[in-house]
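Order of the sequence lines fixes the chain letters, A, B, ..., with proteins taken first and strands second; residue numbering starts at 1 for each chain.
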Amino acid sequence: MAELAQRLDCKCEEKWQAFWEKNKCFSFDEKGSSLPVYSIDTPPPFTSGDLHMGHVLSYSYFDFVARYKRMQGYNVYFPQGWDCQGFPTEVRVEKKHGRKPPEEFRALCRQWTEQCISNMKSQMQRMGFSADWKYEYRTMDPSYHKKVQLSILKMHSAGQVYRAKHPVFWCPNCRSALAKTDTDEMERSSTLHDIKFELQTGKGEKKEAIISTTRPELMHACVAVLFNPKDSRYTKYSGANAITALGKVVPLLPDNDVDIEFGSGLVMVCTFGDKQDVVWMYRHKLPHIEAMDDAGRLKNAGEFDGLKCEEAKKKILEKFKNEGKLLSSRPIAQAVKVHDRCGKAVELANSWQWFAKITDKRARIVDAAKKMKWIPSFAISHLENWAEFVEWDWVISRQRIFGTPIPFWVCEKCSKIIPAKEEELPANPPTQKKKCLCGGDAKGETSVFDCWVDSSITPLIISKWEEDEKFFKRTYPSSLRPQGVEIIRTWAFYTIYRCLELTGKPPFTELLLNGNVLAPDGKKMSKSLGNIIAPDKLIDESGADSVRIWAALSGAMAKDRPFSHQDIKYAKSFLNKFLNAGKFVQKANAGYTSSQEDAKNLRTIDKYFLHRLNEVITTCASAWENYEFHHIIKASHDFFWHEFCDYYLEYVKNRIYSKEDSPDKRAAQYCLHTIYSQIILLLAPITPHACEEVWQIFKNKENSSVQLEKYPQASKIFSHPSTAGAGKLLETLVSQIRQEKANKKLSLNSPVQKLSLALPKEQMHFFEKVEDELKSVCNIEEIEKKDGSELSIKLSIPEPDAG
RNA sequence: GGGCCCGUGGUGGAAUGGUUAACACGUUCGCCUCACACGCGAAAGAUUCCCGGUUCGAUCCCGGGCGGGCCCACCA
């Protein structure tokens, strides 16, 4: 029989990882299997090069579920992908190689990403993730591009995708459109200027007014002046015009969003000073004036054309001052959006972009979400709350390089849009010329898709949508979508939207949310604080199973939790205990083959522990239903450690150590075998390596894996509720005698000459069933029993030798 | 300003409308008892944030306050 490992460390774990791979333990059965399919749509991590503890936590969750469902008899489909295309990669590659022509640059990005994936994949494997790598996907692959393009072409032909000129976040420094997630907020001090305007009624009367602004240089793009309709100072001017300090006449309009308290209660709308201006522009159907070019220089500004903002601001203020229109200036604290990569202030710019019609789909998305099971249930409120505030359609194009090409051409003559043909996919429009029907040249779109366009079809990718109808039917929708809370409004929201549009069916049935891992000090992990926990180092020191136990213990779903070294410490101790118990069972049961026959000779105490096992199995079953991993750990660990090890192993030692084979001894061996093997199976999804290691002592075939066994189920065979009285009584007595010995500063195995025990009559018959166990565990020679109103004990202990 | 979550021994955190509020780490004391010192046993340590209310009874339900976290919006 196999010798168990000295230690359950990462070396031992590697052995089992290789074993699983060799025996293809995690293969999805594509054909033939009659087992129900359970599919998991896991998040493809962004290929940064390293997993962080958040990945480790969430991927542990997915893996617990995958392994559990397999043991429950599901045909588990657990693919894993990579989200490759993103700005951070471009930045890193540019830093390393400098700027290059697009095709060459893209190749360098791919190369870089390949390395990142290889490292992250090996990190995942070290954690024991049981993904089926046969179905690995990467968003930068041509096959993936093809699906993304196809999905957009379909949405385009359904009228869901369109091209339009629209203000987007723009970095004048990098000359690219940005997603809101690419921006940071920065506090900075600015100056608020009061500038003289005029109000003009229909009758030609003029009145002076004041506008407070931090951006006077945008005044040439002012298209309206607004006031709050509750503001009595201005209600009488409704329908009037305002004249800007530059002499331009613009409408004066009421709007509820204007803050009465701020400044004079008047605000100028400039296209596009900030996002609020854009909202107002659409709301009041105002014309727009392009205030600056893509490098941040003013345009349509007359004498100020070509100036950068700061210079323009200086000049225009000087002008107003000379004309007596600058009334006052004072400092003001202001938060500005800056590009997170270059730190420069972000502007809003009008440009041609591609959009997906999401605003009128909000109710549909929320309805679909409500039909899914959200765990925890409150998490759906993040999506509902977000849907409520979606004001604009989704900008799906980005002026970047490393992304999925947008499969459209635009005629330079008649502006007609020419979509790629399905057989051309994956298309790379900039490299290809097209002719329009009108005879004009059509130019290939040079922008690429927002990365959420890529990742919002993962349920379609993994189910081979539009590729393998049979496979699709078996694996769509996904049974489970596990993901982080912070990407509900992006990944979950867009995925539900896109998959509904494309298939008419919601993409998953259950969502499992996880929170973030904070540093041990409760703060966010960050390089600058130096409080980052590196997964690799942790695995080296403590092993993957310890880390997985930590993850399971952090199982308060969708809540952030500090990383806990004490959980890791506990986990290591537990695994050590688990292994040592295995060694004991292995030795105790050497030469013994479990047989149901032996169950006929079970003692009361044996039945009691089987009964307790059964209760624990029941507890775990309901915990699994709700993905309460910490309850599974708690119930199974407590039973294993503080009942099975602390008491039961002590109770049976006497029988186990007896030389000759007897029905009594075999009953103990049967029980050790049954309980320990069931505990292994209970824990196998959470600590698979350790369980595989100790499972060897029960293995009958060389390549059989604990992962392929059936998960324990509660059974009548184990149920012996009538033994509880005796079991609990024995525990109480042992504990009290140990306490007595501890009080007398004696070692636990010090002999007791005589135990005088008083018990209520109704407990006496319980006691008689466990008397032998008490005697052997506490090293008692003689027990004197008598009836009493309550339990009491008295020990007679021989005096220690004087010498 | 809006939404959501949370406030439990030194620390991290379970649970529950009802007798002594888990468990782990840490601490104290005693034990190397033939699976395990990454161990065994014993023990100390909590007004379950505060104030009201519902209830026979609240840590749990409701209201208010104070405090913390996350997300969103605004910042002319």
Side-chain angles (χ1 to χ4, degrees), chain A residues 4 7-8 180 185 187 190 192-193 211-216 218 222 225-226 257-259 262-270 273-277 279-280 332-336 376 378-382 384-386 388-389 391 485-486 488-489 515-516 518 520 522-524 542 546 549-550 553-556 558-588 628 630-631 633-635 637-638 641-642 645-646 649-650 653 656-657 734-735 737-750 777 779:
Chain A
L4 296 184
R7 283 261 175 275
L8 293 169
K180 204 167 72 177
E185 296 271 304
E187 278 292 327
S190 176
L192 186 68
H193 307 281
I211 295 274
S212 304
T213 178
T214 53
R215 304 205 60 184
L218 292 179
C222 176
V225 170
L226 305 183
D257 286 349
V258 178
D259 183 356
F262 194 94
S264 63
L266 290 177
V267 55
M268 67 171 182
V269 181
C270 299
D274 59 34
K275 200 180 150 193
Q276 182 68 59
D277 288 331
V279 172
W280 280 328
I332 186 174
Q334 199 183 24
V336 289
F378 71 80
I380 195 176
S381 65
H382 289 263
E384 291 173 314
N385 189 230
W386 177 249
E388 202 182 318
F389 289 101
E391 308 169 274
V485 182
E486 74 282 2
I488 287 176
R489 57 195 45 192
N516 291 314
L518 305 173
K523 291 176 186 152
K524 273 191 178 172
S542 311
S546 294
I549 287 175
W550 157 77
L553 287 172
S554 303
K559 262 163 68 177
D560 292 352
R561 219 202 126 182
F563 177 78
S564 163
H565 286 292
Q566 44 196 59
D567 284 354
I568 294 284
K569 179 162 186 187
Y570 162 76
K572 282 166 88 169
S573 308
F574 173 82
L575 291 170
N576 186 250
K577 189 81 181 173
F578 189 52
L579 176 67
N580 279 300
K583 286 177 181 166
F584 175 80
V585 173
Q586 184 177 39
K587 210 168 125 196
E628 292 165 325
H630 57 298
H631 286 168
I633 291 277
K634 172 85 169 68
H637 281 203
D638 278 1
W641 197 332
H642 301 302
C645 289
D646 289 353
L649 293 189
E650 297 305 319
K653 272 178 183 170
I656 291 298
Y657 290 141
V734 169
S735 160
I737 291 165
R738 282 172 173 170
Q739 204 171 331
E740 282 290 310
K741 287 184 176 177
N743 288 344
K744 295 194 162 86
K745 307 213 174 214
L746 294 168
S747 73
L748 294 179
N749 65 344
S750 58
V777 168
N779 200 5

Once you round it to whole Å, what is the distance between [atom2] of [N] and [atom1] of [X]?
X	N	atom1	atom2	result
A:Gln566	B:G10	CD	C1'	11 Å
A:His637	B:C38	NE2	P	19 Å
A:Leu518	B:G12	CG	P	12 Å
A:Phe389	B:C4	CZ	C1'	12 Å
A:Trp280	B:C74	CH2	C1'	10 Å
A:Glu388	B:G1	CD	P	18 Å
A:Ile633	B:G13	CD1	C1'	14 Å
A:Lys559	B:G13	NZ	P	8 Å

Which whole number of Å gives the distance between the [atom1] atom of [N] and that of [M]?
N	M	atom1	result
B:C29	B:G69	C1'	40 Å
B:C70	B:G26	C1'	30 Å
B:U16	B:U28	C1'	31 Å
B:C23	B:A44	P	13 Å
B:A14	B:U33	C1'	33 Å
B:A22	B:C38	P	28 Å
B:G64	B:A24	P	39 Å
B:C56	B:C66	P	31 Å

Using a heavy-atom cut-off of under 4.0 Å over every strand shown, decide if [X] touches base, sugar-phosphate, or nothing.
X	value
A:Arg215	nothing
A:Phe262	base
A:Trp641	sugar-phosphate
A:Gln276	sugar-phosphate
A:His193	nothing
A:Val269	nothing

Between [options], which one does the side chain of [X] approach most closely?
X	options	result
A:Ser381	B:C4, B:A42, B:C6	B:C4
A:Asp274	B:C75, B:A24, B:A14	B:C75
A:His631	B:G12, B:G41, B:A15	B:A15
A:Lys634	B:A76, B:A14, B:A22	B:A22

Complementary nucleotide of [N], counting Watson-Crick and G-U pairs under 3.5 Å:
N	answer
B:G12	B:C23
B:C61	B:G53
B:A42	B:U28
B:G1	B:C72

Closest non-hydrogen atom pair, [X] against [Y]:
X	Y	answer
A:Asp560	A:Asn516	OD1-N, 2.7 Å
A:Lys523	A:Leu518	O-CB, 3.4 Å
A:Ser264	A:Ser212	N-OG, 4.4 Å

Between [X] and [Y], is any pair of side-chain heavy atoms under 4.5 Å apart?
X	Y	answer
A:Trp641	A:Asp646	yes
A:Leu4	A:Leu579	yes
A:Arg7	A:Asn576	yes
A:Lys583	A:Asn580	yes

May I ask you to verify if any side-chain N or O of [X] is less than 4.0 angstrom from the OP1 or OP2 atom of [N]?
X	N	result
A:Lys569	B:G26	yes
A:His642	B:G39	no
A:Ser573	B:A24	no

Would you call the rings of A:His637 and A:Tyr570 parallel, tilted or perpendicular, taking 30° and 60° as the class edges?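 A:His637 and A:Tyr570: tilted rings.
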
When the ring planes of A:Phe574 and A:Phe578 are compared, do they come out parallel, tilted or perpendicular, using 30° and 60° as the limits?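 Rings of A:Phe574 and A:Phe578: parallel, as their planes differ by under 30°.
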
Pick the nucleotide of RNA chain B nearest each of A:Phe574 and A:Leu192; which residue has the one closer to the 5' end?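 So the residue in question is A:Phe574.
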
Just the atom pairs and distances: protein N or O near nucleotides 32-37 of chain B's N or O, under 3.5 Å.
from	atom 1	to	atom 2	distance (Å)
B:U33	O4'	A:Asn749	ND2	2.9
B:A35	OP1	A:Lys653	NZ	3.4
B:A35	OP1	A:Tyr657	OH	3.1
B:A35	OP2	A:Tyr657	OH	2.0
B:A35	O2'	A:Asn580	OD1	3.0
B:A35	N6	A:Cys645	O	3.4
B:A35	N3	A:Asn580	O	3.2
B:A35	N3	A:Ala581	N	3.3
B:C36	O4'	A:Asn580	OD1	3.2
B:C36	O4'	A:Asn580	ND2	3.4
B:C36	O2'	A:Asn576	OD1	3.1
B:C36	O2'	A:Asn580	ND2	3.4
B:C36	O2	A:Lys577	NZ	3.0
B:C36	N3	A:Lys577	NZ	2.8

Salt bridge check, A:Asp567 against A:Arg561: does any charged N sit closer than 4.0 Å to a carboxylate O?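 So A:Arg561 pairs with A:Asp567 through a salt bridge.
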
